[in-house]
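Numbers for residues simply follow the sequence, beginning at 1. All values below come from the heavy atoms of this structure, side chains included, with hydrogens, waters and symmetry mates left out.
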Amino acid sequence: MERSRVARRQDSTTNKRKKTGKQPKTKSKKPMWKRIFLLGFMLFIAAVIAFGAYTVYAIATAPELDEDKLVDTYPIQLLSAEGEPLEGAGQIREYVSIDDISEVMQQAVVSIEDRRFYEHNGIDLRRIGGAVVANLTDGFGAEGGSTITQQLVKQSFLSTDKKLKRKLQEQWLALKLEREYTKEQILEMYLNKNYYGSGGYGVQTASKRYFNKPVSEVNYQEAAILAGLPQRPSAYDPINGDQELTRYRQEQVLSAMKRDGHISEEQYNEALDVAIADVISPGEETEEEAFTRAIYSRVLNELEEDYGLEQSDIYGTGLKVYTSINKELHTKINSDIKSNNVNLQTSSFPEDLRMGATVLNTKTGEIVAIVDSQQAKQGDTTYRDYSNEKYQIGSTAKPFFDYGPGIENGQWSTGKVLLDAKLDGTYSPNNYYSGFRGPNTMRQYLKISANTPAVRAFQEVRDEYGQEAIESFVKNVGIEPSYSGDELNESNALGTAEASTTQMAAAYATLGANGMYTKPHLIQKIEFNDGSSINSPIKAKQAMEDYTAYMLTDMLRDVVSAEGGTYVPGAFPWDVAGKTGTTNEPNSTNPKDKWFTGYSTDYSISVWTGKTKDSTVASFDPDYAQYYFEYMMQQVTNATGQPDRFQRPDSVLSLGNELYVKGTKPKDLQPEKLVAPTGASVNYDEEAQTGSVSWSYDFDGAQADGYTDVTFTVTQKSADGSEQVVGTTGETSVNIANLAEGDTTFTIVANATNPLTGEQQSAPAQASYSIEPKEEPTEEEENPSDEGNSEDEPSDENNGNGNENGNGNGNGNGNGNGEDTTDEQTPDEPATDEGSGEGTDEPTDGDDSGTPLEGQSNGESSDTNRGNSNSNNGNN
């Protein structure tokens, strides 16, 4: 059948739709790396655009080149605690033309600071990369990244921040400066602007200060020292700094000069053969300069270490530094000491000895005054700041290495008993006094500065708590121990660790501040030329428990004020504690260093006196350090008033003369009972009527328990009840005579002194001796008819017993006539060996003199049958 027109139309429409319909296509994805690359590229373009925009902004806001600022310097201003300028501190500069600067000086500076100075246009891209390599291969400081031009721009125009903006401005201005000034002009301004240490700006000032000559005359050895100074002026300062560091920096400069062909290998070696002290020849200083030079040097170090400022941020930026120096006090102390106006009990301090001292605030750790040396002038080419030099600290170490860790970790009381006796082992030092003094308290041995008890305390803490207990304790107060490998040297106990007077003053201030340690510092606040400021970042920290600090303080009071202490000048009328210290030359008894460090609640002062490395003095006996301390403590107290007393914290309890930690059982305050004598016995000759009482005694045991001066008191009690003291002796026997008939009892007690509880007495020991009364003959005894009675019925008086109380020890029991009397004995009575006279009992312990002789068989009452001796040692 033919399909209908409608059906054919529908089929046609359906087929057309199928043919003309588009098939969906699968989209292809781009690889991930392409997408990342594209994203990164877009970010890079955005960053370039942003950086370019920021660079344009930085350049647009950069300051204009100002020749006055390029030429002028803006030195650091140091102010006292009262806000007064400290004269002579960094205010000196003499400008000099490039024509008057020696060629070798210019060569030295260019070689170490910017070797391609004459080639670049203000920025040295090769130098930036090369500086990284040079610092890794040749040591830090071998080469910097900034050119001389950049350094000059930074010192003259820019702030001290380290933001990108400042760096961009620095590079832009360096390029601009190179276009407007010649290389010679730029180098001249640079050499006149730098800070060279010792308060001097500009190379001419430095040359005259260190070599006493104009810079036009310096040689390559001297030029190498000057060229190295601007990087770290205070550290490399050949007078006030560390001359070993000065030599290190000089060698870097000489090496750079040799590399660039300015000096030969021979010249290089010759320069290094000459000591820094032989190169410098200092010029004279004013009194103000002499007083402030140590302060200035320390301020610069603090700005770097504590405030994180770079050298270029410090020098020539007009930085204002508020210090803690009490100007009036600091000036007076320096003036008096350097003019020898201090009562040292001698004519003067020897010229070839040295001293240094630091005064700081006990509560804040701020340095109030410094004495770098007793010398008034800088003319000594080996000048050092002795207040900041490190020396072995001697016995000033004992509170921190020996006794403090014991109190901190073991809660020792001040009455802990320690033994002064010869030490065993490889480290066995003696005392400064002759011999040994046995057991005594920690308080006593710290007061007299005994050595062997201190070493024993060190060893006890180390063995019980580990050496970390000692290490952490001393490091918490700013002292670094000495080591052999990883092992803490036992010699630390007596002060082989090294520290400066500033460190020691801060360590002892911790004791006066209830265990709070504050790093010693000079700066209270710094202020930039834009008016912004930064307060001191230094904060106090808990270094030890308050009970440890106070108990050490209380013992150290005795050093200064108690009888027998090692402080010579005498007690103060206010509360002061402190410690002496002495070190000796190797293999000698000659003193090398003498210290005194003491403190009140207001100030802590440490004084060192000693020999320089080149000193020819054999020894020195006067206690200069102690008299300097006395003078300085008197001055600070006169200036600020009498200090408060040290206050005992709630954690410390007092028992008698000693202190202990609250909540602990004071075992060392309860010594063992004094040991009693033993083995007491009597040896007596009745015919001669003389004899002795003897006993044994454990002297070593008593000494180990802390007892000294042991003596014995012997008391005699007769049969009639009368008593008398036979004698007191330090021996273990005493003579006796004329004993009465009957029982005599001897009582022996030991007496001794304990440093904790005073005089003590032991339990008694006893020994008895019996003399039988002699009978007078009666008329009945003379009658022959009575003799039988005597044979058959022996009386008690004639039974041969030598002891009326019936103890029978060692007695012979015989009848009166020696005949056999067994018939007369009752069945209950034991048979006796009549006539033998031998005792039936063994002697008691210690009865070494009362053994009877054989009895007489003739029935006579023999003296030997009366020699019974009882012994009772009385031990509890």
Side-chain angles (χ1 to χ4, degrees), residues 79-86 291-292 295 322-339 341-344 357-371 387 501-502 504-518 520-525 536 538 540 546 549-550 552-562 565 567-579 596-607 625-649:
L79 303 174
S80 70
E82 299 76 27
E84 300 177 10
L86 294 175
F291 290 176
T292 59
I295 296 174
Y322 293 85
T323 74
S324 54
I325 291 293
N326 182 317
K327 183 177 179 179
E328 182 177 354
L329 186 63
H330 172 83
T331 301
K332 177 169 176 51
I333 289 175
N334 274 272
S335 179
D336 285 349
I337 289 177
K338 294 181 180 184
S339 62
N341 190 28
V342 177
N343 181 15
L344 297 177
T358 303
V359 182
L360 57 78
N361 186 299
T362 301
K363 301 179 183 69
T364 66
E366 294 175 339
I367 297 172
V368 176
I370 298 170
V371 182
S387 69
T501 63
T502 302
M504 294 310 294
Y508 275 81
T510 307
L511 305 182
N514 299 316
M516 298 298 294
Y517 171 78
T518 306
H521 59 286
L522 269 167
I523 303 176
Q524 295 178 329
K525 182 180 72 171
S536 174
I538 296 175
D546 59 357
Y550 181 78
L552 287 171
T553 292
D554 193 60
M555 291 188 289
L556 293 171
R557 282 167 160 163
D558 291 352
V559 173
V560 178
S561 59
Y567 184 71
V568 176
F572 288 88
W574 57 87
D575 209 4
V576 176
K579 185 70 187 73
F596 192 85
T597 304
Y599 56 102
S600 68
T601 54
D602 288 345
Y603 295 102
S604 180
I605 303 172
S606 182
V607 182
Q626 297 185 32
Y627 284 101
Y628 275 127
F629 172 83
E630 181 189 40
Y631 160 79
M632 297 170 76
M633 181 59 78
Q634 185 70 57
Q635 293 303 314
V636 297
T637 304
N638 290 344
T640 60
Q642 187 164 312
D644 295 332
R645 290 188 59 79
F646 300 108
Q647 295 299 313
R648 177 162 57 91

Problem set entry | Heavy atoms of other groups near Glu84 CD, more than 12 under 6.0 Å | yes
Exercise. Got a donor-acceptor contact below 3.5 angstrom from the Asp575 side chain to the Phe646 backbone?
Worked result: yes
For this session: Take Ile370 and Leu522 through the side-chain contact (heavy atoms from CB on, under 4.5 Å) test and state the conclusion after the steps.
Result: CA-CA 10 Å; Ile370 298 170; Leu522 269 167; 4.3 Å; yes
Exercise. So, the side chain of Thr323 versus the backbone of Leu79: is there a donor-acceptor pair under 3.5 Å, distance only?
Worked result: yes
For this session: Go through Tyr631 and Asn341 one step at a time and tell me if the side-chain contact (heavy atoms from CB on, under 4.5 Å) criterion holds.
Result: CA-CA 10 Å; Tyr631 160 79; Asn341 190 28; over 6 Å; no
Problem set entry | Heavy-atom closest contact (Leu360 atom, Pro520 atom, distance) | CD2-CB, 4.0 Å
Problem set entry | Donor-acceptor contact below 3.5 Å, side chain Ser324 vs main chain Ile367 | yes
Exercise. Is there side-chain contact between Phe629 and Gln626, with at least one heavy-atom pair below 4.5 Å?
Worked result: no
Seminar exercise, completed: For Arg557 and Asp554 the tightest heavy-atom approach is NH1-OD1, 2.8 Å
Problem set entry | Interatomic spacing from CD in Glu630 to CG in Leu344 - rounded to 0.5 Å | 10.0 Å
Problem set entry | Exam field: side chain Thr362 to backbone Ser600, donor-acceptor pair closer than 3.5 Å | yes
Exercise. Hey, does Val342 have a side-chain heavy atom less than 4.5 Å from the side chain of Met632?
Worked result: no
Exercise. Can you check whether Val368's main-chain N or O pairs, donor with acceptor, with His330's side chain at less than 3.5 Å?
Worked result: no
Seminar exercise, completed: Heavy-atom nearest pair, Thr501 first then Ser387, reads OG1-O, 2.7 Å
Exercise. Just how far is it from atom CG of Leu329 to atom CD1 of Ile333, taken to the nearest 0.5 Å?
Worked result: 4.0 Å
Exercise. Heavy-atom distance under 4.5 Å between the side chains of Val636 and Asp602, does that happen here?
Worked result: no
Problem set entry | Minimum heavy-atom distance Lys327-Pro85, with the two atoms named | NZ-O, 3.0 Å
Exercise. Who are the side chain to side chain contact (heavy atoms under 4.5 Å, CB included) partners of Gln634, not counting sequence neighbours?
Worked result: Trp574, Asn638
Exercise. Roughly how far, to the nearest 0.5 Å, is the CD atom of Glu366 from the OH atom of Tyr603?
Worked result: 10.5 Å
For this session: Check whether any side-chain N or O of Ser335 sits under 3.5 Å from a backbone N or O of Thr331 as a donor-acceptor pair, and report yes or no.
Result: no
Seminar exercise, completed: Here the gap from Arg645 atom CZ to Thr553 atom OG1, rounded to the nearest 0.5 Å, amounts to 11.5 Å
Exercise. Has the side chain of Lys338 got a donor or acceptor atom that lies under 3.5 Å from a matching backbone atom of Val371?
Worked result: no
For this session: Verify, without hydrogens or angle tests, whether Thr601 (side chain) and Asp644 (backbone) share a donor-acceptor contact under 3.5 angstrom.
Result: yes
Problem set entry | CD1 on Ile523 to CD1 on Ile538, rounded to 0.5 Å | 8.0 Å
Exercise. Atom CD of Gln635 and atom CD1 of Ile605: how far apart are they, to the nearest 0.5 Å?
Worked result: 10.0 Å
Which atom pairs, one a donor and one an acceptor, fall under 3.5 Å between side chains of residues 508-516 and the rest of the protein, sequence neighbours left out?
| from | atom 1 | to | atom 2 | distance (Å) |
| --- | --- | --- | --- | --- |
| Tyr508 | OH | Thr396 | O | 2.7 |
| Thr510 | OG1 | Ala506 | O | 3.1 |
| Thr510 | OG1 | Ala507 | O | 3.3 |

Exercise. Can you tell me if Ser606 and Thr597 form a side-chain donor-acceptor pair at under 3.5 Å?
Worked result: yes
